Amino acid sequence: MQTVSDLTGLRSVLRAWRRNGERVAYVPTMGNLHAGHFALVRRAQECAPRVVVSVFVNPTQFGPGEDFGRYPRTLEQDQAGLAALQCDLLFAPTVDVMYPYGTSGTLSVHVPEITEVLEGACRPGHFDGVATVVAKLFSMVQPDFAVFGEKDWQQLQLVRRLARDLALALEVVGLPTVREPDGLALSSRNQFLDESQRARASQLYATLTWMHMTARAGHKPAAIERAAVARLQRYGFAPDYCAIRVADSLRPVTTEPLSRQIALVAARLGSTRLIDNLPFASA
Ligand code: AMP
């Protein structure tokens, strides 16, 4: 596996593949790769003969006071994991490559509506940072397929909209969340949890399945959301939201059937903020 960190290196590899008519599947990440990321790579390998993974901890998607500084950076370990999977190319750009005019001089991509609720409401500016870096990365890699995790459901819907609205010639592929045996979604942030927090963290998934159960029993979303918040608080979480929404638009539910709905949660355990979701169609 090759590793490149600049555009000249990236473009020369991509050109050689294109000359051979090989299609490219792409997995953007912030590194500190785990089994969830590796599942995305394997899915990408099913999509196209060439797979590019990028590792870039994107400063513009972190707000002031968020964990940009302490976000785990483990490039050598990531490189070894990707090489073992026979990934073709690791693109690990510097901030200068991604933001030639600096992070405050950069153009900014804003995807309206879907970004204004839930994570967008809790983390102002976060999705502009995500949309901007994804648009730049797509422009650099020009993939035929881009594989994203359903773990970040709202981000996946944003990327679908961005690709369609910019008429990009790529297919966005979503992959179900990879979980620990107790249901906790794999996340680079799980390592910040102490032993007691880790034991309680599985309640996030347990709460999502409880939200499903009560919705199937006919309870109304607003009542389920209130009870889910209280449930998480009992386990020591500080919830930002527990929500039942229309899965693709993330609008409040009106007449949509359960199969088009999704349960989403975001909560802090100590100083670690975790998110998770469970589409009704998946269960
Ligand atoms: P990040 O963890 O921010 O580097 O995410 C890079 C990609 O991996 C995104 O598309 C995430 O949705 C995806 N991802 C992260 N955790 C998981 C997981 N547990 N299962 C599946 N995909 C994941």
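As the structure lists them, so they are numbered: ligands from 1, and atoms in each ligand from 1. None of the values given here were measured: they were computed from a predicted structure.
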- Polar-atom distance check: V178 versus ligand 1, any N or O pair below 3.5 Å? yes

- Under 3.5 Å, side chain of Q157 to main-chain N/O of Q154, donor-acceptor pair present? no

- Query: Which protein heavy atom lies closest to atom 4 (O) of ligand 1, and at what distance to 0.1 Å?
  - Reply: M30 N, 2.8 Å

- Answer yes or no: does an N/O atom from T29 fall short of 3.5 Å to an N/O atom of ligand 1? no

- Task: Tell me which one of A146, G149, A35 gets a heavy atom nearest to atom 22 (N) of ligand 1.
- Result: G149

- Of all heavy-atom pairs between V147 and P28, which one has the smallest distance, and what is that distance? O-CD, 3.8 Å

- Take D67 and R273, measure what salt bridge (charged side-chain N to carboxylate O under 4.0 Å, His left out) needs, and give me the verdict at the end. CA-CA 10 Å; D67 57 357; R273 188 171 181 279; over 6 Å; no

- Where is the tightest heavy-atom contact between M1 and L82, given as atom of each residue plus distance? SD-CB, 3.6 Å

- N/O separation below 3.5 Å, L186 to ligand 1: yes

- N/O separation below 3.5 Å, L175 to ligand 1: no

- Looking only at heavy atoms of P28, does any of them come nearer than 4.0 Å to an atom of ligand 1? yes

- Note on the structure: shortest atom 23 (C) of ligand 1-to-protein heavy-atom contact is with K151 CB, 3.9 Å

- Task: Ignoring angles and geometry beyond distance, decide whether S187 reaches within less than 3.5 Å of ligand 1 through its nitrogen or oxygen atoms.
- Result: no

- Note on the structure: Atoms of ligand 1 under 4.0 Å from any heavy atom of F148, numbered from 1 in the order shown, are 10 (O)

- Message: Do L162 and L168 have side chains that approach each other closer than 4.5 Å (heavy atoms only, starting at C-beta)?
- Response: yes

- Can you name the nearest heavy-atom pair linking C47 to A25, along with the distance? CB-CB, 4.1 Å

- Task: List every atom of ligand 1 that sits less than 4.0 Å from any heavy atom of T177, numbering the atoms from 1 in the order shown and giving each element.
- Result: 19 (N), 20 (N), 21 (C)

- Query: Of all the heavy atoms in H34, does at least one lie under 4.0 Å from an atom in ligand 1?
  - Reply: yes

- Query: In the protein, what heavy atom is nearest to atom 12 (O) of ligand 1, and what distance, to one decimal place, separates them?
  - Reply: D152 OD2, 2.7 Å

- Task: Indicate whether the side chain of N190 and that of E180 have a donor and an acceptor atom separated by less than 3.5 Å.
- Result: no

- Please determine, by modelled atom types, if E256 and T254 share a side-chain donor-acceptor pair under 3.5 angstrom. yes

- For the student: nearest non-hydrogen atoms of G149 and L156, plus distance: O-CB, 4.2 Å

- Message: Below a 4.0 angstrom heavy-atom separation, can you tell me which part of V27, side chain or backbone, both or neither, approaches ligand 1?
- Response: neither

- Task: Identify the protein heavy atom lying closest to atom 7 (C) of ligand 1, giving its residue, its atom name and the separation to 0.1 Å.
- Result: L40 CD1, 3.6 Å

- Query: Identify the closest protein heavy atom to atom 1 (P) of ligand 1: which residue and atom is it, and at what distance?
  - Reply: H37 NE2, 3.6 Å

- Atom of E150, atom of P279 and distance for their closest heavy-atom approach: OE1-CG, 4.2 Å

